[in-house]
Amino acid sequence: MSRSERRNDQPLPCHVAVIMDGNGRWAEARQLPRIAGHRSGAKRAEELIRFAGGELNLPYLTLFALSAENWRRPKSEVDFLIQLLDQFIAAKLEEFVASNVKFLVIGDISVFPASLQRTIEYAIASTAGNSGLVLSVALNYGGRQEIIRACCKVNAEITAGTIDPERLDMTTFRSYLYAPHIPDPELIIRTGGEQRVSNFLLWQLAYTELYFTETMWPDFTAKEFLQAISDFQTRQRRFGVTEEKT
Ligand code: FPP
């Protein structure tokens, strides 16, 4: 389905965010170690990025790869995820450059080993001029943490006299979030059967349509991604306003 094709005459979403849940359970169901689930999950992320940026021509895709809370998992699993992320970003960079993907990270990366920070910064710098899919990967990310970080920055501006607190509005506040130029997601997909947002994009999800599926992330195909988009296209989005009465 290309962006020029329309299902139900409704537009495709411009920004889709995904909570990639269920890697561990996918592996456990196959008597495999949890890390095998993450490895398969990374393959699935790779396919979805290629599909979103290619055939679907989606402008923005955000993937929740590591939450601030995941950071407290057993050290062996966190170490594996860090290594997997480092390898993933380094291995995909050439393809991102060739396929015009702009790579971004949201979250506090200062806690990561220097090598992963370098890989991330190099990938961001190498794709900064790209104009295709904007791929944001959330790493050590928490929505509440992002809002508090923005509050601290706003507070510093107020103290410096560069923001008038009486005039603080949503547009100004948003400019202190991790990626202020990325529009709010229109659709969020969570795989793995849980129906919650788990501290993801709390500010940005105010009017986002939610799509939950039982499918574990390593089994989430491009076909099911399209099903989620078709479902989104059936939603009536009113943003708190009633439909016009004639
Ligand atoms: C949730 O599954 C998934 C994660 C914590 C890690 C997500 C990471 C990847 C998919 C690989 C890297 C991806 C990119 C984009 C670089 P879980 O372990 O919470 O599963 P469970 O709920 O079944 O235990």
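No experiment lies behind these values; they were computed from the predicted model shown. For reference, positions follow the sequence shown, starting with 1.
The distance from the OG1 atom of T127 to the CG atom of L135 is 8.5 Å, given to the nearest 0.5 Å. Considering CZ of R25 and CZ of R30, their distance stands at 12.5 Å, rounded to 0.5 Å. Here the CD1-CG distance, from I49 to L58, works out to 11.5 Å after rounding to the nearest 0.5 Å. I188 contributes atom CD1, which lies 9.0 Å from atom OG1 of T62 (distance to the nearest 0.5 angstrom). Note that CD of Q233 and CD of E209 are 12.0 Å apart. Values are rounded to the nearest 0.5 Å. To the nearest 0.5 angstrom, L66 atom CG is 13.0 Å from L63 atom CG.
Taking hydrophobic clusters as Ile, Leu, Val, Met, Phe, Trp and Tyr residues chained together by side-chain heavy-atom distances below 4.5 Å, I82 shares a cluster with V105. Two different hydrophobic clusters hold I148 and L139 under the rule that ILVMFWY side chains link at heavy-atom gaps under 4.5 Å. If you chain together hydrophobic residues whose side chains sit under 4.5 Å apart, I19 and L187 never meet in one group. Cluster annotation: F103 is connected to L85 through the hydrophobic network of ILVMFWY side chains, with a link wherever side-chain heavy atoms come within less than 4.5 Å. By the rule that hydrophobic residues join a cluster once side-chain heavy atoms approach within less than 4.5 Å of another member, V137 and M20 end up as members of one cluster.
Judged purely by distance below 3.5 Å, without hydrogens or angles, the side chains of N23 and S40 never pair a donor atom with an acceptor atom. The closest side-chain donor-acceptor pair between E77 and N70, if any, does not fall under 3.5 angstrom. Checking T191 against D21 by side-chain atom types alone, no donor-acceptor pair falls below 3.5 Å. Side-chain atoms of D108 and Q145 include no donor-acceptor pair closer than 3.5 Å. A donor-acceptor pair shorter than 3.5 Å can be found between the side chains of E224 and T213. A donor atom on one side chain and an acceptor atom on the other are found under 3.5 Å apart for D169 and T172.
Aromatic ring centres of F220 and W26: separated by at least 6.0 Å.
The two residues A42 and F88 come nearest to each other via the heavy atoms O-CE1, 3.4 Å. Shown here for L177 and A150, the closest heavy-atom pair between the two residues is CD2-CB, 4.0 Å. Smallest separation of non-hydrogen atoms from P218 and G37: CG-O, 3.8 Å. Heavy atoms only, all atoms of each residue included: A123 and I89 are closest at CB-CG2, 3.6 Å. The minimum heavy-atom distance between P165 and I158, with the atom names listed, is CB-CD1, 3.9 Å. Nearest heavy atom pair, residue G142 against residue A68, reads N-CB, 4.3 Å.
Side-chain contact between V101 and K92: absent, with no pair of heavy atoms (C-beta onward) separated by less than 4.5 Å. For the pair S126/L93, a side-chain contact is recorded, criterion being any heavy-atom separation below 4.5 Å from C-beta on. The side-chain heavy atoms of F51 and L226, taken from C-beta on, include a pair separated by under 4.5 Å. Contact annotation: the side chain of L210 never approaches that of I189 to less than 4.5 Å [non-hydrogen atoms, C-beta and beyond].
Listed by first and then second residue, the ring pair (Phe, Tyr, Trp, His ring centres under 6.0 Å) pairs that reach into residues 146-173 are F173-W203, sequence neighbours excluded. Among residues at least two apart or in separate chains, side-chain hydrogen bond (donor to acceptor under 3.5 Å, both in side chains) pairs with a member in residues 146-158 are Y141-E146, E146-Q204, E157-T162, E157-Y176.
With R190 contributing its side chain and R196 its backbone, the two residues share a donor-acceptor pair below 3.5 Å. N100 contributes a side-chain N or O that, together with a main-chain N or O of S131, makes up a donor-acceptor pair within less than 3.5 Å. Side-chain N or O atoms of N140 include none that pairs as donor or acceptor with a backbone N or O of I109 at under 3.5 Å. Side-chain N or O atoms of N199 include one that pairs as donor or acceptor with a backbone N or O of R144 at under 3.5 Å. Remark: side-chain polar atoms of D164 are paired, donor with acceptor, to backbone N or O of E166 under 3.5 angstrom.
Every residue two or more places apart in sequence or in another chain was checked for a salt bridge (charged side-chain N to carboxylate O under 4.0 Å, His left out) with E121, and none qualifies.
Between D184 and R174 there is a salt bridge, since at least one side-chain N of the basic residue sits less than 4.0 Å from a carboxylate O of the acidic one. Remark: E47 does not engage R50 in a salt bridge, criterion side-chain N to carboxylate O under 4.0 Å.
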Applying side-chain contact (heavy atoms from CB on, under 4.5 Å) to L133 and N57, what does each step give before you reach the verdict? CA-CA 7 Å; L133 174 72; N57 204 13; over 6 Å; no
Notebook entry, point to check: Between V134 and L61, is a side-chain contact (heavy atoms from CB on, under 4.5 Å) present by the stated rule, with each step listed?
Noted result: CA-CA 6 Å; V134 177; L61 177 69; over 6 Å; no
Using side-chain contact (heavy atoms from CB on, under 4.5 Å), reason through D86 and F112 one step at a time and then give a plain yes or no. CA-CA 10 Å; D86 205 337; F112 292 144; over 6 Å; no
Check your understanding: side-chain contact (heavy atoms from CB on, under 4.5 Å) between F80 and R39: does it pass, once the steps are laid out?
Key -> CA-CA 10 Å; F80 177 82; R39 210 178 273 124; 3.5 Å; yes
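Taking the six-membered ring where tryptophan is involved, the planes of H15 and Y60 are tilted, since the angle between them lies from 30° to 60°.
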